[in-house]
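Reading through the structure tokens given below for one structure.
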Amino acid sequence: MLFQILDVDYTMVDEKPIIRIFGKTEDGETVCGFYEDYLPYFYARGEKLEEAVKGEGNVIRVEKVKRFLPIGYQKQTIDLHRITLRNPAKTPEIRDKLRSRGFEVFEADIPFKYRFMADFDLAGMGWIEVDGSGGVTTNTVSAQRKIPIKNFKKIGKDGMVPLRFLCLDIECVSLKEGEMPDSRDDPIIMISAVFSEPHKGERSIVLSTRSDRGVKPFEGEKEMLEELINIIMDYDPDVITGFNINNFDMPYILERMRQNNISPMFGRCKKHVTKNQIMSRFKINIAGRVMVDSFEMIKRDFSMKRYDLNTVSNELLGEGKEDVKKSQIEKFWKGSQEKFRSLIRYSKKDSELAMKLVLNLNLLDKYVALAKISGTLLQDILDSGETTRIENLILREFNKEDFVLPCKPDGSEVSKREKMRRAELKGGYVLEPEKGLHSSVIVLDFKAMYPSLIRTFNICPTTLIMKDGVEKPVTSPSGAKFVPENIRKGIIPKILERLMEERQKVKGKMKKESDSGKIRELAAEELALKIMSNAFYGHFGYPRAKVYSMEIANSITAFGRETIKKTKDFIEKDFGYKVIYGDTDSVMVKVPFENLEEIKKAGEEVAKRVTSVLKGVMELEFEKTFKRFLPLTKKRYAAWSFESDEDGWRETMETKGIETVRRDWCDLTSETIEKVLEIILKKNDIKEAVHYFKGVADSMIEGKIPIQKLVVTKTMTKRAEGYAGIQPHAELVKKIKKRSPAECPGVGDRIGYVIVKGAELLSKRAEDPLYVIEKKLPIDSRYYIENQLLPPLERIFIALGISKTELLGKGKQVSLFTAFANNSKAKAAKEVYYKYMEGFVCEKCYKTYDFPPLRGVCECGGTLLFNSPQGPARRVIY
DNA sequence: GCTACTCGGGG
DNA sequence: GTGTACGAGTAGC
């Protein structure tokens, strides 16, 4: 019998732990396998251990074993005690006792299920084969097949069992107006559920405590919640999903169950309730099932301005939410039948969208691949970060070679390491970019630089030489020494070799594959292998890592810096080309060719020659061509990029470190940046770019910019009165509340605003765009030019050597009032208006500003004057 | 420039 | 549950 592992845990029966492996067969049958003969253990180092654990009922036996310590090269193993225990939950007690008596302990903080999985080399979402005969009689577990497991075999099989998804979304209303509902006080009024496979012939169901067509009605919340449990248990999903379900819906449901005295028993184990741990956020654990939050995955995997369900689904699915404002839910709930039906549709649609996000975008693929590769359970891949994956992987590999792993550092150790890291860890080498706009630039980068360095120089905690005496060590530029490969090949280099070779194989398979589903799965695997390989370097410098070593982290970056510098010198000497920029693992090189093919040939030639003189598995690759390249500063540039593939050249506009979209920028800003960059890069015409920018500024002053392009949108996260500082969107809400309370947006609503002219503080001049049109209010063009357009655009023009004066034109000085007046004078003013850009100076403290602070006065409270280089400072007139 | 704090998503 | 664990963006020095 073959099945895929969804979840693993253990349960105590007669004071003995029994491991349970939850899974699913290819036929879609749910399985729970029980493994009995496995006990928790850990290692300790020190004298007279037997005495220390005498009388400990929880200790079953102590054995002497020979192991290697995890950090520092050793020729021989040392003696350690292996302590086997009765009860996994009691391990910390014994561990802490031994620690307090001066013993050094190892592997004493590994969750029992992971201890088991590591010893048997099992992975989350991995396949195993069991004999499948016999049965286990228990009513504490719900699974179609309950079997004892004696022998099993890990199978390196591709493919995914079809998973069954349930998507949930709840609605509730707050007792307190204008606040988010509180799960302690406010009942759930509606629950919508969508099924990936029809359940009792339905694709979805909506439960509510108000009755109507289209909902299953309930007397009260308690009955409704009981029905939810029934649905989950009957439908029996492998995955429960929803949008922000981990931090809203599920914790809310659990709290409401508590309030209603309902036991939250809806996992595949009827003995353990669903738990909701509150740490920095919630963590929900449902036995045998996986909680998947589409919001969290999308936030990690996609770069977007906003991540609300409407934006996300419009962008990724091409369809949005039903049109109900958050603050209106109560009205729809209490309102007419028609309104109530809208709420039903709204709720159902939300679940449908959240489900589609997970399924249509195949969001789980990557996480499943990461689980398989690292050995981590899918749930933990979703809930925790890189450390968990890496440590699960290295535990296995260390143990295979008789190494033990250290425990996690305690708080004081972590803060010690944090300090050390700040003081000592050096990063990659970033070349000072050659100023100006460049053409014909080749981009070369090192293929998997850090993992390759680790392999090439055999960098590993197990090869790090702590005390001299090894001949011909590998010495890093930072001074650390490592044992050469022929004496001991490091475990980390071995892991990386495997991961990187595996990745090449997967790439090969992908090329041959024609089935799109298979290709997708392989692509996810390939990506996961890359993610895992790249995570090792960071791990050694991570203060919470078990295997932490500043020497290792610094050796890796030091080798990296050395490599990139040598590469630069080699290219400049050997080819006579100029390296105009480089960062960590890449170099940008100017070549004397125009034609893309010629440039490519040169790029490949350089890459080949450099690679041939590099050590080990280091490889420099020709990546792409920048037809035009504009570096602003280190880490910031824009480029017109050409990459070749089977179908020819693929061109893109590329920016690094230059944001073109930001939450607090209006569309005009983003558009202008993009357009200006495009003119510079594609047309190679700086003058035109300046001209374009001036044109936008002019249109702004003349009031010709469509108001939609000036809108900045923010979400009301709390009541308008609740904001500490003065914030534009909150101020606007206060205004609307006064003039038309009925239309007033509430907490959770998105507020779009523009800034209008006036004498008040900027934030108080936020207005509703529709109101502005209706009342014909003048837009504050000064604000838009200075605060929206100039800051990002100025940085671009500075890189082109264009001074402010040049950029902004010359002419006589005028008052701001004239310069920004939205009238016929504006036309005359436009030529001269930028003069004031020489800056501002405070009348009182003489502090100067390029741009005045939002408040319009100096931070000392003093009045701001023009800081005119030609004459005395002039008063700013608003 | 760095560090400390906030807030996202959800109703 | 043998595990204490976001992360980007901004305000504040």
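In what follows, chains carry the letters A, B, and so on, assigned in the order in which the sequence lines appear, proteins first and then strands, with residues in each chain numbered from 1.
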Open item on the list: Could you tell me how far apart A:D186 (CG) and B:dG10 (P) are, to the nearest whole angstrom?
Closed with: 18 Å
Task: Per A:Y10 side chain, nearest of listed nucleotides C:dT4, C:dG1, C:dT2 - done: C:dT2
TODO: Select base, sugar-phosphate, or nothing to describe what A:P40 touches, counting heavy atoms under 4.0 Å on all strands.
DONE: base
Open item on the list: Any base atoms under 4.0 Å from A:I170, or only sugar-phosphate, or nothing? Heavy atoms, all strands.
Closed with: sugar-phosphate
Open item on the list: Any base atoms under 4.0 Å from A:D350, or only sugar-phosphate, or nothing? Heavy atoms, all strands.
Closed with: sugar-phosphate
Task: Separation of C:dG1 C1' from A:F116 CZ (nearest whole Å) - done: 18 Å
TODO: May I ask you to verify if any side-chain N or O of A:R306 is less than 4.0 angstrom from the OP1 or OP2 atom of B:dG8?
DONE: no
- [ ] Select base, sugar-phosphate, or nothing to describe what A:T387 touches, counting heavy atoms under 4.0 Å on all strands.
- [x] nothing
- [ ] Look at the side chain of A:R544 and decide which nucleotide, out of B:dG8, C:dA5, B:dG9, has an atom nearest to it.
- [x] C:dA5
TODO: Please state how far atom NZ in A:K546 lies from atom C1' in C:dA5, giving the value in whole angstrom units.
DONE: 14 Å
- [ ] Using the test ring pair (Phe, Tyr, Trp, His ring centres under 6.0 Å), find all partners of A:F34 that sit at least two apart in sequence or belong to another chain.
- [x] none
Task: Interatomic distance, A:D96 CG vs C:dG1 C1' [rounded to whole Å] - done: 14 Å
TODO: Please check if atom CZ in A:R258 has more than 12 non-hydrogen atoms from other residues, nucleotides or ligands closer than 6.0 Å.
DONE: no
TODO: Give the ring-plane orientation class for A:Y35 versus A:F116, where under 30° counts as parallel, over 60° as perpendicular and anything between as tilted.
DONE: tilted
Open item on the list: If you define the side chain from C-beta out and look only at heavy atoms, does anything of A:D249 sit under 4.5 Å from A:L168?
Closed with: no
TODO: Could you check which of B:dG8, B:dG10, C:dG3 has an atom nearest any side-chain atom of A:K299?
DONE: B:dG8
Open item on the list: Please report the distance, rounded to the nearest Å, between CG in A:D301 and P in C:dA8.
Closed with: 13 Å
TODO: Check every strand shown and say whether A:D380 touches a base, only sugar-phosphate, or nothing at a heavy-atom separation below 4.0 Å.
DONE: base
TODO: Just call it for A:I245: base, sugar-phosphate, or nothing, with non-hydrogen atoms closer than 4.0 Å on any strand.
DONE: nothing
Task: A:Y10 and A:K113: CA distance, side-chain angles, deciding distance, side chain to side chain donor-acceptor pair (under 3.5 Å) verdict - done: CA-CA 7 Å; A:Y10 77 94; A:K113 60 185 175 191; over 6 Å; no
TODO: Measure from NZ or CZ of A:R210 to the centre of the six-membered ring of A:F340 and say whether it is under 6.0 Å with the direction within 45° of the ring axis.
DONE: yes
TODO: Establish, with yes or no, whether the OP1 or OP2 oxygen of B:dG8 is under 4.0 angstrom from a side-chain nitrogen or oxygen of A:N244.
DONE: no
TODO: With A:D583 as reference, evaluate A:K634, A:K635, A:R636 under the salt bridge (charged side-chain N to carboxylate O under 4.0 Å, His left out) test and give the passing residue.
DONE: A:K635
TODO: Classify the nucleic acid contact of A:F106 as base, sugar-phosphate or nothing, counting any heavy atom under 4.0 Å across all strands shown.
DONE: nothing
TODO: Specify the separation, in whole Å, of atom CG of A:L405 and atom C1' of C:dG3.
DONE: 13 Å
TODO: Could you check whether A:K408 gets within reach of a base, just the sugar-phosphate, or nothing at all, counting any heavy atom under 4.0 Å?
DONE: sugar-phosphate
- [ ] Could you tell me whether A:F42 contacts a base, only the sugar-phosphate backbone, or nothing, with contacts defined as non-hydrogen atoms closer than 4.0 Å?
- [x] nothing
Open item on the list: Can you tell me if A:Y307 touches the phosphate of B:dG10, counting only side-chain N or O atoms and a distance under 4.0 Å to OP1 or OP2?
Closed with: no
Open item on the list: I'd like the C1' distance from C:dA5 over to C:dG1, given in whole Å.
Closed with: 14 Å
Task: Atom-to-atom span, CE of A:M297 to P of C:dG7 - whole angstrom - done: 16 Å
Open item on the list: Without decimals, in angstroms, what is the distance between A:N310 CG and B:dG9 P?
Closed with: 12 Å
- [ ] For A:R422, answer base if it contacts any base atom (sugar-phosphate contacts may also be present), sugar-phosphate if it contacts only those atoms, and nothing otherwise; contact means non-hydrogen atoms under 4.0 Å.
- [x] sugar-phosphate
- [ ] Could you pull out all residues at least two apart from A:Y307 that satisfy ring pair (Phe, Tyr, Trp, His ring centres under 6.0 Å)?
- [x] none
TODO: Kindly confirm or rule out a cation-pi arrangement of A:R82 over A:Y41, judged by NZ or CZ under 6.0 Å from the six-membered ring centre and within 45° of its axis?
DONE: yes
Open item on the list: With the threshold set at under 4.0 Å for non-hydrogen atoms, list the residues of residues 107-115 of chain A touching DNA chain C in residue-number order.
Closed with: A:E107, A:A108, A:D109, A:I110, A:P111, A:F112, A:K113, A:R115
- [ ] Looking only at side-chain atoms of A:D169, point me to the closest of C:dG1, B:dG9, B:dG10.
- [x] B:dG10
